[in-house]
Amino acid sequence: MTAIVRDHAAELAALHKVQRRVAALGFFAVAMHGVIGLAVVAQIIDGQGRHSDAVLLVFMSGIFALVTYAVMRAILRKRLWSPVWIAVSLVPTATAAVMLVA
């Protein structure tokens, strides 16, 4: 009987892990639209001659990217500090910043 209970507990733990990953992926897909959207709007606003507003939008994109990163790490129950993933989360913002300068 205990082997059945252990197997059930292992299956349940695996199911919860998959559920967390699916939830994190869904959140990421939705939240990245906001990050990229802010960067795109910054480019449009910069084209209208409102450079300071565009810089502010790129900054907001970076903040939103970091919040998205933190929430994903919390959903996955991973430690918050991960320099590689922090850098990856800021790629759209860095790209937008480079495009503003160029």
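Just so you know, these numbers come straight off a predicted model, no measurement behind them.
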Query raised in the report: Listed by chain and number, what are the side chain to side chain contact (heavy atoms under 4.5 Å, CB included) partners of Ile44, not counting sequence neighbours?
Result: Val40, Gln48
Report summary line: Quick note, side chain to side chain donor-acceptor pair (under 3.5 Å) partners involving residues 34-46, not counting sequence neighbours, are Asp46-His51
**Report entry** Set of side chain to side chain contact (heavy atoms under 4.5 Å, CB included) partners for Ala97, sequence neighbours left out
**Finding:** Val58
Report summary line: The remaining residues in the hydrophobic cluster of Val101, counting side-chain heavy-atom contacts under 4.5 Å among Ile, Leu, Val, Met, Phe, Trp and Tyr, are none
Requested in this report: Report the hydrophobic cluster partners of Val22, with the cluster defined as I, L, V, M, F, W, Y residues connected by side-chain heavy atoms closer than 4.5 angstrom, directly or transitively.
Outcome: Val18
Report task. Not counting sequence neighbours, which residues clear side chain to side chain contact (heavy atoms under 4.5 Å, CB included) with Val91? List them please. Result -> Thr95
**Report entry** Reference residue Leu100; test side-chain contact (heavy atoms from CB on, under 4.5 Å); the match among Val55, Ile45, Leu57
**Finding:** Val55
**Report entry** salt bridge (charged side-chain N to carboxylate O under 4.0 Å, His left out) contacts touching residues 51-70 (sequence neighbours left out)
**Finding:** Arg50-Asp53
Query raised in the report: Which residue pairs pass the salt bridge (charged side-chain N to carboxylate O under 4.0 Å, His left out) test when at least one of the two sits in residues 65-89, sequence neighbours left out?
Result: none
**Report entry** Any pair counted as side chain to side chain donor-acceptor pair (under 3.5 Å), so long as it reaches residues 10-36, sequence neighbours left out
**Finding:** His16-Gln19
Query raised in the report: Can you name the residues that form a side chain to side chain contact (heavy atoms under 4.5 Å, CB included) with Phe59, not counting sequence neighbours?
Result: Ile63
Query - All side-chain hydrogen bond (donor to acceptor under 3.5 Å, both in side chains) counterparts of Ser61, not counting sequence neighbours - result: Thr93
Requested in this report: May I ask you to list the residues sharing a hydrophobic cluster with Val98, side-chain cutoff 4.5 Å, ordered by chain and number?
Outcome: none
